[in-house]
Protein chains: 2
Amino acid sequence: MTEDEEGLPLADRLARHIRTLLISGELSPGQRLSEAAFSERFDVSRNSLREAFRLLTKDGLLRHEANRGVFVTVPSMASVIDIYRVRRMLECGALRQAWQQHPAIRVMREAVAEGQKKRNAGDWVGVGSANMIFHTAIIDLSDSARLTEFYERISAELRLCFGLLNDPEHLHSPFVDMNDAIVTLLEQGKSAEAAAQMETYLNLAERTMLKALERAEQA
Amino acid sequence: MTEDEEGLPLADRLARHIRTLLISGELSPGQRLSEAAFSERFDVSRNSLREAFRLLTKDGLLRHEANRGVFVTVPSMASVIDIYRVRRMLECGALRQAWQQHPAIRVMREAVAEGQKKRNAGDWVGVGSANMIFHTAIIDLSDSARLTEFYERISAELRLCFGLLNDPEHLHSPFVDMNDAIVTLLEQGKSAEAAAQMETYLNLAERTMLKALERAEQA
DNA sequence: ATGGAAATATTGTTGAACAATATTGACATT
DNA sequence: AATGTCAATATTGTTCAACAATATTTCCAT
């Protein structure tokens, strides 16, 4: 908790901190989060910690079992399928009705450039980050605070899935060029085509993810 | 807290209870919710109550001001606009890709019938309930647990807006026939047309809502 | 080994405490 | 009467300790 987080309530800061541990893979799916251990670790009271746990449970990152404690959510095939269903709805929808001059398009273009650069440098983590920025920008096309917040939640959940994979980084690389094609279509005002292309993209990504997850589960 | 709520954590039960108070209008927008008063009222500890408050704050129903307490969210024009943006994305999207045999279509059809019946009986609250069921069923067309949950949150927020209106019930009545048309299109497999119709519906509803809100704000 | 009962640990919830911040009220000045 | 200041009061933010209820582990008898 060394960051300069302002006067936010302790529970919120805690939740944010634990969320970073979750999406960075420092806490593994299925792991139990003991109240005693974590309140000790973060030097906060059990009560404050419990508030944070509740927040994260509502986000789907933790699972709560009565009288047994909270556990890091174990992503399932079903959750992956559901998450991609949401992504198709939100991302394709945002693209379809996108305004050609929307500032988010510039962000998308820059994210594509960044992704290509990182890929050429063999920096797979960098490719993943650029990809994330790209998709967040797509949601921003819809100019909705609530959709943006919701997508953040979905996105965190998806990153939990990546934690289960062996070499998650390579998953992103094949998609850099598709991103390029999509933003190009948008720049040309072909939003319907961009949306269609994104649907193909997401279906492919979903299959890849499911396949990787299947392999990981067998091991 | 007389209901038969199972072994759910106290904070969750509390949050649910307070949520019903919020959407039923028993707590007014802007009102401050004192920790002392409410923990007394519900006969729970301040700690448990605070957990519930945090949950509802995350849902957008309460607003949290540091060192000042929690207040019932005051819906703004901006929030109404955002909420309808979300609804267009979710509901139109769900309709567009709806499968003609989806069980939710039957629910929609029944909700329309119920709405017509209630309207003829002059039961405006009943019309509102039927309308709510109708739209929830539309989201169910997308078969996504996460979208369903998200829509519940949006829906609760919208009901908070209705609390600001003078005669909120009449708002729903004009829409019963549009619902009829939409579900009829769906039954005929014309999902694109249904989606288009819904967009018109939502734009109209949004304008009506904004106008009503404007009137209410002046008073 | 296996089943079950006692011992132990963990969560669920409460109540009291105290620091930090906000609100109120009294008082003096203009 | 209006306004600014400062003390008094109330509220939130957070911690701690306690205890009941439920799980888990240990240990013993079979």
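Electrostatic pairing of K211(B) and E214(B) counts as a salt bridge here, judged by a charged N lying under 4.0 Å from a carboxylate O. Salt-bridge formation is not detected for the pair D123(A)/K117(A): no Lys NZ or Arg NE/NH1/NH2 atom is positioned less than 4.0 Å from an Asp or Glu carboxylate oxygen.
Note: Y201(B) and F175(B) have tilted aromatic rings, judged against thresholds of 30 and 60 degrees for the angle between ring planes.
Remark: P of dA22(C) and CG of N67(B) are 5 Å apart, rounded to the nearest angstrom. Rounded to a whole Å, the CD atom of E40(A) is 14 Å from the C1' atom of dT15(D). Atom-to-atom, CD of E65(A) to P of dG12(C) comes out at 11 Å; the value is rounded to the nearest Å. Here the C1' atom of nucleotide dT14(C) and the CZ atom of F42(B) are 17 Å apart, to the nearest Å. Computed from coordinates, the L62(A) CG to dT11(C) C1' distance equals 15 Å when rounded to whole Å. In this structure, L8(A) atom CG and dT12(D) atom P are separated by 18 Å, rounded to whole Å. As rounded to whole Å, 8 Å separates atom P of dT13(C) from atom NE2 of H64(A). Rounded to an integer number of Å, the gap from L10(A) CG to dA20(C) C1' is 14 Å.
The stretch residues 45-59 of chain B touches DNA chain C through S45(B), R46(B), N47(B), S48(B), each having a heavy atom under 4.0 angstrom from the strand. Of the residues in residues 26-36 of chain B, not one places a heavy atom less than 4.0 Å from an atom of DNA chain C.
Evaluation of the side-chain contact (heavy atoms from CB on, under 4.5 Å) rule for L160(A) yields L22(A), L61(A), V72(A), T73(A), P75(A) as partners, not counting sequence neighbours. Listed by chain and number, the residues in a ring pair (Phe, Tyr, Trp, His ring centres under 6.0 Å) with F71(A) amount to none (sequence neighbours excluded). Not counting sequence neighbours, Y151(A) has no partner by the ring pair (Phe, Tyr, Trp, His ring centres under 6.0 Å) test. Residues satisfying the side chain to side chain donor-acceptor pair (under 3.5 Å) criterion with E152(A), sequence neighbours excluded, are absent altogether.
Note that OG1 of T20(A) and CG of L27(A) are 8.5 Å apart. Values are rounded to the nearest 0.5 Å. Here the CD1-CZ distance, from I182(A) to R109(A), works out to 11.5 Å after rounding to the nearest 0.5 Å.
Heavy atoms of D43(B) sit under 4.0 angstrom from primed sugar atoms or phosphate atoms, though from no base atom.
Remark on DNA chain D: of its neighbouring residues A11(A) and A66(A), the 5'-side contact belongs to A11(A), judged by nearest-heavy-atom nucleotide.
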